A.B. asks: 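Input: one structure, supplied below.
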Amino acid sequence: MTIKSSEMQENRIKDIIAANPSITEITIQGWVRAFRSNRFIALNDGSTIKNLQCVVGFENFKETLLKKVTIGAAIKVTGSIVESQGKGQKVEIQVSKLEVLGEADPEEVKLTILSPKRHSLEKLREEAHLRVRTNTFSAIMRTRSKLAFAVHEYFQKNDFNYMHTPIITGSDAEGAGEMFKVSTLNPKDLPLNKEGKIDYKKDFFEKETNLTVSGQLEAETYAMALGKVYTFGPTFRAENSNTSRHLAEFWMIEPEVAFYDLDQNMDLAEDFIKYVVNYAIENCKDDLEFLEQRLLQEEKSKPQAERSEMSLRDKLAFIGKNNFKRVSYSEAIDILRNSKPNKKKKFKYLINEWGADLQSEHERFLVEKHFKCPVILFDYPANIKAFYMRLNDDGKTVRAMDVLFPGIGEIVGGSQREERYDVLRQKMTDLDIDEEELYWYLDLRKFGTAVHSGFGLGFERLVQFVTGMGNIRDVIPYPRTPGNASF
Ligand code: ATP
Ligand code: MN
């Protein structure tokens, strides 16, 4: 990136701090992070975690102007890039012109999270419109943006088509979770039909509609024509679970591939995750270094046993380099049944028999204590998984897979899809799923059916893993959770 002279005000601090001293004057705009000794302005413009030191000779500026250079104020600075005398930076700006673009009253700033002291993550969440001005949140959100780019880059390089699935869905059989209703009916004056039920024929779409919980079923239709597709968009689940890993609105990535079986699906998931993690390692260096330090600080207050064994960047490098361990559900159940926490009744949900649904405590035991690496579990019992997953020859397991990550638990859920018309139809009948509603989904099995597979990866869980943030509310700008839709 070339540095632009003062007429063109497009310089970004990340380029300036890497530049060489130069007599040509440049202009920078940003927000004041600190103003020391009436001389040193720490300026941040969001382009990097690093601040640019701007040195003002206070003799040369009006006192009334300097008084307005306060934390949070937006300013415009012109000057030359000079070698820095202080430590911590190679260069600084010798300011010749200073303009305050937007003031920030110190008395009011003091009452917000912009005030320069440690604020809890909870407190920062309450001021989500300002938290991105902190080091922690700017680092997270820049990393989030890079990861989103890496997602597209991976799929585009591998010849996948980006597909936009509908956000308002007419099918309520996606089966991935509780849905939010979409309606323009007046709740105080609902039209009723002859049976006394709400008459959705009078609603906007003349039928019941919901916000999507997954684009998978629609993605399958496109995979069966374009071969390789992926979605990357918002999904909604009205699950009333207040956990550190669930949001009511989150972004999901769902590739779907024709002619892929479950093994190829697992290969894809593993290759994809490694790619985006390695991309972050390469492209978010400063931010990850900062987040690693933040995590170290945070963990200091925790008991030794709860601290991570590896630093954040070592953990990412480990993921990028090592193979994920592939284990069948049945093997996992044996391991869990014979595990210490199960025998000593330390698990909240004890594993007694084959068929039990795994809770996050079990997933984390497998990943963090037993295998000590990411784990892909496959071949789950049919009755704890969705209707569209391909039935194995044993008649009781399906070709499902979950990728489990340290600190996170499930990050990916996927499967080989049932491609056999009769088997799928029978399954739908057994589970009371409306065949007419999903005729189009069944059609795929009538016209040129083929083995195909796909998975869903929760983007926020990925961002959590990469940034080391413990709570999913801190990796999305404006989290939606039960009881909270502020901003
Ligand atoms: P979990 O068991 O963790 O609730 P799930 O089995 O309901 O997840 P899937 O339906 O398999 O999830 O969705 C695919 C992926 O989407 C999950 O592996 C996870 O990464 C992500 N995900 C699911 N629900 C949520 C949520 N409420 N908030 C954020 N991410 C989610
Ligand atoms: Mn799942």
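Whatever order the structure lists them in is the order used to number ligands and atoms, beginning at 1. A quick note: this is a predicted structure, and the numbers were derived from the prediction, not measured.
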A.B. asks: Does any donor atom in the side chain of Asp203 or Ser183 lie under 3.5 Å from an acceptor atom in the other side chain?
C.D. replies: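 Judged by distance alone, the side chains do pair up.
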A.B. asks: Taking distance alone, with no angle check, do Ile411 and ligand 1 share an N/O pair under 3.5 Å?
C.D. replies: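 Yes; at least one N/O pair falls below 3.5 Å.
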A.B. asks: Look at atom CD of Glu108 and say whether more than 12 heavy atoms of other residues, nucleotides or ligands are closer to it than 6.0 Å.
C.D. replies: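 Atom CD in Glu108 is not crowded, with 12 or fewer foreign heavy atoms closer than 6.0 Å.
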A.B. asks: Do any nitrogen or oxygen atoms of Leu247 lie less than 3.5 angstrom from nitrogen or oxygen atoms of ligand 1?
C.D. replies: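 There is such a contact, yes.
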A.B. asks: Near Glu306 CD, under 6.0 Å, is it more than 12 heavy atoms from other residues, nucleotides or ligands?
C.D. replies: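 It does: Glu306 CD has more than 12 such atoms within range.
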A.B. asks: Leu462: heavy atom below 4.0 Å from ligand 1, yes or no?
C.D. replies: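 No, that is not the case, since the closest heavy atom of the residue is not under 4.0 Å from the ligand.
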A.B. asks: Is atom NZ of Lys50 surrounded by more than 12 heavy atoms (other residues, nucleotides or ligands) closer than 6.0 Å?
C.D. replies: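 Not buried by this count: 12 neighbours or fewer within 6.0 Å.
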A.B. asks: Could you tell me, atom by atom, which parts of ligand 1 come under 4.0 Å of a heavy atom of Gly413?
C.D. replies: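 With Gly413 as reference, the close atoms of ligand 1 come out as 11 (O), 18 (O).
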A.B. asks: How does Arg237 reach ligand 1, by side chain, by backbone, by both or by neither, if only non-hydrogen atoms under 4.0 Å count?
C.D. replies: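 It is the side chain that touches ligand 1; the backbone stays farther off.
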A.B. asks: Can you tell me if CZ on Phe487 sees more than 12 non-hydrogen neighbours from other groups inside 6.0 Å?
C.D. replies: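 Yes, because the 6.0 Å sphere around CZ of Phe487 holds more than 12 heavy atoms from other groups.
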A.B. asks: Out of Tyr275, Phe272, Tyr162, which residue meets the ring-ring contact (aromatic ring centres under 6.0 Å, His included) rule with Phe155?
C.D. replies: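 Of the listed residues Tyr275, Phe272, Tyr162, the ring-ring contact (aromatic ring centres under 6.0 Å, His included) partner of Phe155 is Phe272.
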A.B. asks: Could you tell me, atom by atom, which parts of ligand 1 come under 4.0 Å of a heavy atom of Ile472?
C.D. replies: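 Numbered from 1, ligand 1 contributes 29 (C).
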A.B. asks: Counting heavy atoms only, which part of Glu460 comes closer than 4.0 Å to ligand 1: side chain, backbone, both or neither?
C.D. replies: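 Neither part.
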A.B. asks: Can the positive tip of Lys315 be found less than 6.0 Å from the middle of the six-membered ring of Phe405, inside 45° of the ring normal?
C.D. replies: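 Because its charged atom misses either the 6.0 Å distance or the 45° angle limit, Lys315 does not stack over Phe405.
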A.B. asks: Identify, by atom number and element, the atoms of ligand 1 in contact range of Val412, meaning under 4.0 Å from any of its heavy atoms.
C.D. replies: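 In order of numbering, the contacting atoms are 18 (O).
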A.B. asks: Considering only heavy atoms, which of Glu178, Arg245, Glu254, Glu410 lies nearest to atom 11 (O) of ligand 1?
C.D. replies: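 Going through Glu178, Arg245, Glu254, Glu410 one by one, Glu410 has the nearest heavy atom to atom 11 (O) of ligand 1.
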A.B. asks: Under 3.5 Å, N or O to N or O, is Leu457 touching ligand 1 that way?
C.D. replies: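 Checking ligand 1 against Leu457, no N or O pair falls under 3.5 Å apart.
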